[in-house]
Asker: 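Dropping a structure here in structure tokens format, bear with me for questions.
Order of the sequence lines sets the chain letters (A, B, ...), proteins ahead of strands, with each chain counted from 1.
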2 protein chains.
Amino acid sequence: MSAKTSSARPASKVCCGTARDIPLSERDADDLAIVFAALSDPVRLRLLSLISSSTEGEVCACDLVPPLGKSQPTVSHHLKILFEAGLVAREKRGVWVWYRAVPKRLEAVASRLR
Amino acid sequence: MSAKTSSARPASKVCCGTARDIPLSERDADDLAIVFAALSDPVRLRLLSLISSSTEGEVCACDLVPPLGKSQPTVSHHLKILFEAGLVAREKRGVWVWYRAVPKRLEAVASRLR
DNA sequence: TCATGATATTGATAGTTGTCAATATCTTGT
DNA sequence: ACAAGATATTGACAACTATCAATATCATGA
């Protein structure tokens with residue numbers, strides 16, 4: 001029960017250190033997980049999509065509430081999470097807050113998936 | 001309080017329909033969210049990294065438990081989530097189960113981030 | 001068949017998260 | 001200063017999740 005069968009040889013003691021690179025530090029994993037967690041909610045994905053696909057490149061928060069069918073506080077909460085994950089930027093102009101996507105951030109995340 | 005200030009004109013009634021494409025259906029958002037949820041845990045990211053970076057292209061589950069510092073049931077649970085999200089494939093050979101990454105799936109997810 | 005070891009499942013628990021109603025904060029027009 | 005409206009915060013609650021110990025399942029060698 002220690003080594004090879006027909007096809008291969010597992011045995012913890014034998015095949016340790018088969019990884020090519022240092023895989024992913026605990027810290028890096030924690031950081032990455034936060035971004036993916038921000039992307040792991042349907043409402044936030046739709047928010048991000050609405051923002052990214054806007055012709056003007058930015059969207060007023062007031063226009064993000066109606067299409068989602070969620071309360072204003074809920075949308076505000078989700079926007080905050082996207083913001084803190086660096087996925088969107090925001091700018092307050094007068095009473096309104098404008099959100100825009102951060103393509104660089106999205107690109108960086110995508111590249112981590114190979 | 002309905003329209004433009006210096007910089008722009010929000011007013012829900014005025015600027016509706018500024019989206020370029022149909023943004024992201026509720027169903028698509030749900031599906032995508034599941035994949036990102038699978039990627040939103042540090043342990044799973046490290047698992048995926050360990051599997052992806054292995055020289056042989058596949059890793060025995062028995063070799064995935066020690067480096068993570070988690071119990072065997074916990075690792076098994078995380079592997080199941082990765083599997084169900086389509087991010088890894090598995091093959092049972094004898095007593096052992098071998099895991100390999102699914103690059104196509106990773107690529108597909110990455111492309112959704114533009 | 002039996003004992004052994006690898007992996008999966010179950011059950012329980014603590015911590016996290018999405019949601020909304022209520023409320024607070026902040027900005028502008030009057 | 002005040003009223004109105006946009007956004008954020010708070011508090012509460014239900015649903016979900018990560019984790020482990022215990023246990024079950026399954027394949028192999030003796």
Asker: Please give, in whole Å, the distance from dA27(D) C1' to W98(B) CH2?
Answerer: 16 Å
Asker: Looking only at the side chain of K92(B) (C-beta and beyond, no hydrogens), which of the listed nucleotides dC26(D), dC26(C), dA8(D) gets closest?
Answerer: dC26(D)
Asker: Say you draw a straight line from CG of L82(B) to CG of L45(B); how long is it, rounded to the nearest 0.5 Å?
Answerer: 8.5 Å
Asker: Please list residues of residues 80-88 of chain A whose heavy atoms come under 4.0 Å from any atom in DNA chain D, ordered by number; otherwise none.
Answerer: K80(A)
Asker: Could you tell me how far apart W96(B) (CH2) and dT4(C) (P) are, to the nearest whole angstrom?
Answerer: 17 Å
Asker: Please enumerate all residues that pass salt bridge (charged side-chain N to carboxylate O under 4.0 Å, His left out) together with R100(A), with sequence neighbours excluded.
Answerer: E58(A)
Asker: What integer distance in Å separates L79(A):CG from dT19(C):P?
Answerer: 12 Å
Asker: Within the sub-3.5 Å range, which N or O atoms of nucleotides 19-23 of chain D have a protein N or O partner, and how far apart are they?
Answerer:
from: dT19(D); atom 1: OP1; to: K70(B); atom 2: NZ; distance (Å): 3.2
from: dT19(D); atom 1: OP2; to: H78(B); atom 2: NE2; distance (Å): 2.3
from: dC20(D); atom 1: OP2; to: S71(B); atom 2: N; distance (Å): 3.0
from: dC20(D); atom 1: OP2; to: S71(B); atom 2: OG; distance (Å): 3.1
from: dC20(D); atom 1: OP2; to: T74(B); atom 2: OG1; distance (Å): 2.7

Asker: Cut-off 3.5 Å, no hydrogens considered: what does the side-chain donor-acceptor table look like for residues 34-42 of chain A, sequence neighbours left out?
Answerer:
from: S40(A); atom 1: OG; to: A37(A); atom 2: O; distance (Å): 2.7
from: D41(A); atom 1: OD1; to: V43(A); atom 2: N; distance (Å): 2.8
from: D41(A); atom 1: OD1; to: R44(A); atom 2: N; distance (Å): 3.3

Asker: Output the distance between atom CD1 (I51(B)) and atom CG (D63(B)), rounded to the nearest 0.5 Å.
Answerer: 11.0 Å
Asker: Table please: side-chain donor-acceptor pairs of residues 64-76 of chain A below 3.5 Å, with sequence neighbours left out.
Answerer:
from: S71(A); atom 1: OG; to: T74(A); atom 2: N; distance (Å): 3.3
from: S71(A); atom 1: OG; to: T74(A); atom 2: OG1; distance (Å): 3.0

Asker: Could you measure the distance from the CG atom of L24(B) to the CG atom of D30(B)? Nearest 0.5 Å is fine.
Answerer: 9.0 Å
Asker: Taking side-chain hydrogen bond (donor to acceptor under 3.5 Å, both in side chains) as the definition, give me every residue that meets it alongside E91(B), ordered by chain and number, with sequence neighbours left out.
Answerer: R93(B)
Asker: Can you tell me how far C1' of dT17(C) sits from CZ of F36(A), to the nearest Å?
Answerer: 19 Å
Asker: Taking CG from L47(B) and C1' from dA18(D), how many angstroms apart are they, rounded to a whole number?
Answerer: 13 Å
Asker: Any chance you could measure D28(B), atom CG, to E26(B), atom CD, to the nearest 0.5 Å?
Answerer: 10.5 Å
Asker: Is F83(A) reachable from L79(A) through a run of hydrophobic residues whose side-chain heavy atoms are each under 4.5 Å from the next?
Answerer: yes
Asker: Using a cutoff of under 3.5 Å, can you pull out all pairs of nitrogen or oxygen atoms linking the protein to nucleotides 11-16 of chain C, with atom names and distances?
Answerer:
none

Asker: Using OP1 and OP2 only, check whether a side-chain N or O of R93(A) sits under 4.0 Å from dT7(D).
Answerer: no
Asker: If I take atom CG in residue L64(B) and atom P in nucleotide dA8(C), what distance separates them, rounded to the nearest angstrom?
Answerer: 11 Å
Asker: What pairs of donor and acceptor atoms, side-chain ones from residues 101-108 of chain B against any protein atom, are under 3.5 angstrom apart with sequence neighbours left out?
Answerer:
from: R105(B); atom 1: NE; to: A85(B); atom 2: O; distance (Å): 2.9
from: R105(B); atom 1: NH2; to: A85(B); atom 2: O; distance (Å): 3.1

Asker: For D31(A), enumerate each residue passing the side chain to side chain contact (heavy atoms under 4.5 Å, CB included) test, keeping only those at least two apart in sequence or located in another chain.
Answerer: R27(A)
